[in-house]
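Worksheet: the structure to be examined is printed underneath.
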Amino acid sequence: MKIATFNINGIKARINALPEWLDEAQPDVVVLQEIKSVDDAFPREIFEDRGYNVETHGQKSFNGVAILSKLPLEDVRRGLPGDDSDEQARWIEATVVGKTAVRICGLYLPNGNPVELDDAGQPVEGGKFAYKLAWMDRLHARAAELLELEEPALMAGDYNIIPQEEDCKRPKGWWGDALYRPESLAAFRRVLNLGYTDAFRMRNQAPEQYSFWDYQAGAWNKNDGIRIDHFLLTPDCADLLLDCQIDAHVRGRDKPSDHVPVWVELDA
DNA sequence: ATGGCGGCGTTACGCCGA
């Protein structure tokens, strides 16, 4: 089973690039982030015509996630539990049954910039960085629950986290940003420490492997990127991992997203 | 090098992202 994650930065803007990549990569399941569309405006026919079932969790203008799957999507849930007042569409999950059932979660973790701290060094309540950390607390709680399921599970998406120095071309330039600073990395490691595996680093130790390049300043041409799109696997799911790759070449095409697809192949 | 690009909503720029 080939499962991909792709932050498309707007479904309307990627109306050609996304089907082109789907047709060549032929993933069985895709989790999408930043569809920037309400559910009713999502062009589901484009994907249904290619044999995908479509489940969206959208909102107007910003955020928005979706799952496309050639296999039926069972027990679909929308929204990350833990805060009923959170109206941002950043989480969707469903079960897909191939040789075995896999619980698949698609996520768009808050960016967190600008980092606002009070005089005591604590995130300012109501600020974007505080929202990021609170969201990661909820992610930790859901991640712990997934470990208790009787099926392999994974959480894939745009984490807006640079896990380590080697996941970034200019670590000194990024240090202190909400994507790469102590509080963010500690929250990410806290999820990993539950027993999750970063699928890409399980299969690939090469340097300069990125999944995002800014549109500005010729970042793609300089390979000035960061690796922030991740697959975290439960131990049962990691046992099924066959491969994990980044389709970086997609970034060089016409009208690209600033992110590229990342995918895993599971023996599932 | 915290904004040089691009998407969105709206229709001239402001907000947002990373």
Side-chain angles (χ1 to χ4, degrees), chain A residues 5-19 21 32-43 56-66 86-91 106-117 123-124 126-133 135-136 139 156-185 187-188 208-230 246 248 250-262:
Chain A
T5 178
F6 192 1
N7 180 325
I8 56 174
N9 190 20
I11 184 61
K12 288 182 272 297
R14 232 54 65 202
I15 205 69
N16 294 317
L18 177 56
W21 169 76
L32 301 174
Q33 300 90 40
E34 287 205 87
I35 64 173
K36 295 187 175 179
S37 163
V38 294
D39 295 332
D40 287 345
F42 191 84
T56 61
H57 180 40
Q59 70 178 85
K60 190 176 178 181
S61 302
F62 305 115
N63 309 318
V65 290
D86 184 1
E87 297 185 348
Q88 299 192 31
R90 296 179 175 275
W91 180 273
L107 67 98
Y108 176 44
L109 204 150
N111 172 303
N113 285 306
V115 176
E116 296 178 280
L117 305 177
V124 172
K128 293 190 175 181
F129 190 54
Y131 176 66
K132 177 175 194 158
L133 296 179
W135 203 94
M136 294 185 80
L139 173 65
D158 177 358
Y159 279 74
N160 272 316
I161 290 285
I162 300 168
Q164 301 191 95
E165 186 173 338
E166 56 264 40
D167 297 315
C168 154
K169 181 82 159 192
R170 296 178 295 103
K172 288 190 177 71
W174 280 98
W175 185 247
D177 189 279
L179 279 63
Y180 189 50
R181 58 180 294 115
E183 304 91 330
S184 307
L185 299 190
F188 186 68
E208 302 196 352
Q209 302 294 304
Y210 309 128
S211 66
F212 169 91
W213 298 259
D214 200 293
Y215 288 120
Q216 300 182 73
W220 165 246
N221 289 327
K222 294 185 286 192
N223 196 25
D224 180 7
I226 54 181
R227 192 175 72 89
I228 57 175
D229 298 271
H230 308 302
I246 301 175
V250 173
R251 186 65 177 79
R253 294 183 172 168
D254 286 342
K255 290 274 290 178
S257 172
D258 41 7
H259 295 251
V260 296
V262 182

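Figure legend: cation-pi geometry between A:Arg181 and A:Phe129, with NZ or CZ positioned under 6.0 Å from the six-membered ring centre and within 45° of its axis.
Look at CD1 on A:Ile35: it is 19 Å from P on B:dC16, rounded to the nearest Å. The separation between A:Arg14 atom CZ and B:dC8 atom P is 7 Å, rounded to whole Å. At whole-Å resolution of the value, CG in A:Asp214 and C1' in B:dG7 are 13 Å apart. We find that OH of A:Tyr215 is positioned 9 Å from P of B:dC8, with the value rounded to whole Å. Atom CG of A:Asn7 and atom P of B:dA18 are 6 Å apart (whole Å). Straight-line distance from the CG atom of A:Asn9 to the C1' atom of B:dC5: 10 Å, rounded to whole Å. Atom CZ in A:Arg253 sits roughly 18 Å away from atom P in B:dG6 (whole-Å rounding). Atom CD of A:Gln59 is separated from atom C1' of B:dC8 by 12 Å (rounded to the nearest Å).
For B:dG7 and B:dA1, the C1' atoms lie 23 Å apart once the distance is rounded to whole Å. Comparing B:dG14 with B:dG4, their P atoms are spaced 13 Å from each other, to the whole Å. Atom name P, nucleotides B:dC16 and B:dT10: the rounded distance is 15 Å, in whole Å.
By the neighbour-count criterion of 12 heavy atoms within 6.0 Å, atom CD of A:Glu165 is sparsely surrounded, having that number or fewer from other residues, nucleotides or ligands.
Put simply, A:His259 has a side-chain N or O that comes within less than 4.0 Å of OP1 or OP2 on B:dA18. A:Lys36 has no side-chain polar atom (N or O) that falls below the 4.0 Å cut-off from OP1 or OP2 of B:dG9. The phosphate of B:dA18 has OP1 or OP2 within less than 4.0 Å of a side-chain N or O from A:Asn160. In terms of phosphate contacts, A:Asn111 brings a side-chain nitrogen or oxygen within less than 4.0 Å of OP1 or OP2 of B:dA18. For B:dG6, neither phosphate oxygen OP1 nor OP2 lies less than 4.0 angstrom from any side-chain nitrogen or oxygen of A:Lys255.
Counting heavy atoms from C-beta on, the side chains of A:Trp135 and A:Trp91 come closer than 4.5 Å.
Residue-level contact check: A:Tyr159 touches neither bases nor backbone, having no heavy atom under 4.0 Å from any strand. The residue A:Lys132 sits apart from the nucleic acid: no heavy atom pair falls under 4.0 Å. Residue A:Asn63 is classed as having no contact, given no heavy-atom separation below 4.0 Å to the nucleic acid.
Across all strands shown, B:dC16 is found opposite B:dG6 as a Watson-Crick or G-U wobble partner, with both distances under 3.5 Å.
If you check B:dT2, B:dG7, B:dG4 against the side chain of A:Gln216, the one that comes closest is B:dG4. Which of B:dA18, B:dC5, B:dC16 sits closest to the side chain of A:Phe212 comes down to B:dA18.
Between A:Ile228 and A:Ala13, the residue whose closest nucleotide on DNA chain B is further toward the 5' end is A:Ala13. For the pair A:Trp174 and A:Asp177, both in contact range of DNA chain B, the more 5′-proximal nearest nucleotide belongs to A:Asp177.
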